[in-house]
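Everything below concerns the one structure shown next.
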Number of protein chains: 2
Amino acid sequence: MTYTIGEFAKKCGLTPHTLRFYEKEGLLPFVHRSASGIRFFSEPDIEWLVIINCLKNTGMSIKEIKVFIDWCMQGDTTIEKRYHFFIEHRKKVEKQMKELRKYLKKIDYKIWYYQTALEAGTLSIHQTQKCIKEEKRQLLKDAHGN
Amino acid sequence: MTYTIGEFAKKCGLTPHTLRFYEKEGLLPFVHRSASGIRFFSEPDIEWLVIINCLKNTGMSIKEIKVFIDWCMQGDTTIEKRYHFFIEHRKKVEKQMKELRKYLKKIDYKIWYYQTALEAGTLSIHQTQKCIKEEKRQLLKDAHGN
DNA sequence: TGTTGACTTAGAGTTAACTTTAAGTGTTAA
DNA sequence: TTAACACTTAAAGTTAACTCTAAGTCAACA
C-alpha cells in the first residue's frame, strides 16, 4: 500500500505543501519516486512523520531534526549519537514541563485572585488583611512546589 | 525606586528594544514618563512583566495579552472577563502539558530503543523475537498512560 | 476530447516576535 | 566641556516555518 503526497498528507495531518517543504529541507530522504518523478509514501513512512512531529512539537528546529534524520540514514555507525541526541532532548522536554508547571501555578494564583475579587465584587478585597493573609498562604504553597 | 528602560530591561531579562516594542504593542500602558519624555519603571511594574512573560511563554500571542492588559486598565468592571480569561488559558496550558507528557513517552521509548541497539552493537537487534516482545511491552505501557 | 484535479518546480509572500538601523536628542562622568 | 552612553522615533531587516503563486505536466473521467 502506497500513498500519493495528498493522501499521505491527510494521514499525518499536514498539507502536501508542507510535506514538499520538509523534503526540500532534507527531512524526508526516505521518500521514493515513480519513474515519472511522482513521490510515493509507504506505511512505515508514517512512523517517520510521527517522530518528526514529536521533535517539532517539543521545540526542535527543522535543522536539528535534519541532523537526526541524516544519522538515521547512516545506519549502525550512528547509534550512539542518536542515543545521546534523545538523552539531551529529553532534558529539554523535562525543562519545558517544569516551566509549564511553574506557569500553571501562576495561573492558578490568578484564578484564585479573580475568583475572590469576583465574589467580593471588587479588586480592592485584595487590600484587606484577611485577603493578604490568604494571599501569602497561596504564595508560600507555590514556593514549596518549586 | 524607579528604573530607566535599560535598568528595568536587565531586571526582567529583556532588552530595552523589546520593552519599547511591547509598549508600542500596547502591553505596557502603566509605564510613566518624565517631563522630558523618558520612560521610568517602578517596582510593581516587575509583576506586570512576570505575568506577561507567563502568558507569552505558555503560547499566548501579544495581541491576546493586550486584551487582558486592557481589561486590567478598566478596573472592577472586567473582573469576570479576567477570571474567565485565566480559566480558559489554564485549559490550554493543561493541554500543552498533556501533549508534552505524551512526547516524553515517545522519547523514552526511543532512548530504550537506541540503548538496546547500543548494547547489541546493531539496530538489527530490534528484529529479534526477544526484542520485539519487550518492545510490545513498552508500547503497551505507553498506551496505558494516555 | 476537453476539463478537472493532482502532481511538478522555483520562487515569492506571510506571520509573529523580535532585532537592528538610522538619525537625532539628552544626560552623566572625567 | 567633551566623550561616552542612554535615550528618542520611524522604519527596515531577520528568522523560522510555513503558505501560496505561477507556470507547467500528466492522468483519469464525462
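Below, chains carry the letters A, B, ... as their sequence lines are ordered, and counting in each starts from 1.
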(request) List for me each residue that meets ring-ring contact (aromatic ring centres under 6.0 Å, His included) alongside Tyr3(A), sequence neighbours excluded, and say none if there are none. (result)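 Residues passing ring-ring contact (aromatic ring centres under 6.0 Å, His included) with Tyr3(A): none at all.
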Going by the rule side chain to side chain donor-acceptor pair (under 3.5 Å), which residues pair with [X] if we only count those two or more places apart in sequence or in a different chain?
{"X": "Lys66(B)", "value": "Asp70(B)"}
{"X": "Lys24(B)", "value": "none"}
{"X": "Glu119(A)", "value": "none"}
{"X": "Glu80(A)", "value": "none"}

(message) Quick one about Ser124(A) and Gln127(A) (side-chain donor to acceptor, distance below 3.5 Å, no hydrogens or angles considered), yes or no?
(response)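 Ser124(A) and Gln127(A) do not have a side-chain donor-acceptor pair below 3.5 Å.
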(request) Name all residues meeting the salt bridge (charged side-chain N to carboxylate O under 4.0 Å, His left out) criterion together with Arg82(B); count only those two or more places apart in sequence or in a different chain, and write none if there are none. (result)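 Counting only residues at least two positions away or on another chain, Arg82(B) forms no salt bridge (charged side-chain N to carboxylate O under 4.0 Å, His left out).
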(message) Taking salt bridge (charged side-chain N to carboxylate O under 4.0 Å, His left out) as the definition, give me every residue that meets it alongside Arg39(A), ordered by chain and number, with sequence neighbours left out.
(response)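 Arg39(A) satisfies salt bridge (charged side-chain N to carboxylate O under 4.0 Å, His left out) with Glu23(A) only.
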(request) Indicate for each nucleotide in nucleotides 4-18 of chain C, in 5' to 3' sequence, whether protein heavy atoms under 4.0 Å reach the base (B), only the sugar-phosphate (S), or nothing (-). (result) ---SBB-------SB
(request) Please name all residues satisfying side chain to side chain contact (heavy atoms under 4.5 Å, CB included) with Lys10(B), sequence neighbours left out, ordered by chain then number. (result)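 Lys10(B): no side chain to side chain contact (heavy atoms under 4.5 Å, CB included) contacts found.
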(request) Write down the distance between NZ (Lys66(A)) and P (dA17(D)), rounded to a whole number of angstrom. (result)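 About 14 Å, once rounded to whole Å.
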(request) Would you jot down, in residue-number order, the residues of residues 42-54 of chain A having a non-hydrogen atom under 4.0 Å from DNA chain D? (result)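 The stretch gives none, as no residue of it lies under 4.0 Å from the strand.
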(message) Using five pairs at each end of the helix from dT1(C)-dA30(D) to dA30(C)-dT1(D) to define an axis, what is the angle between those two axes, to 10°?
(response)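 Rounded value for the end-axis angle: 10°.
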(message) Applying ring-ring contact (aromatic ring centres under 6.0 Å, His included) as the test, list every pair that has at least one member in residues 5-30 of chain A; sequence neighbours left out.
(response)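 Residue pairs passing ring-ring contact (aromatic ring centres under 6.0 Å, His included), neighbours aside: Phe8(A)-Phe41(A), Phe30(A)-Trp48(A).
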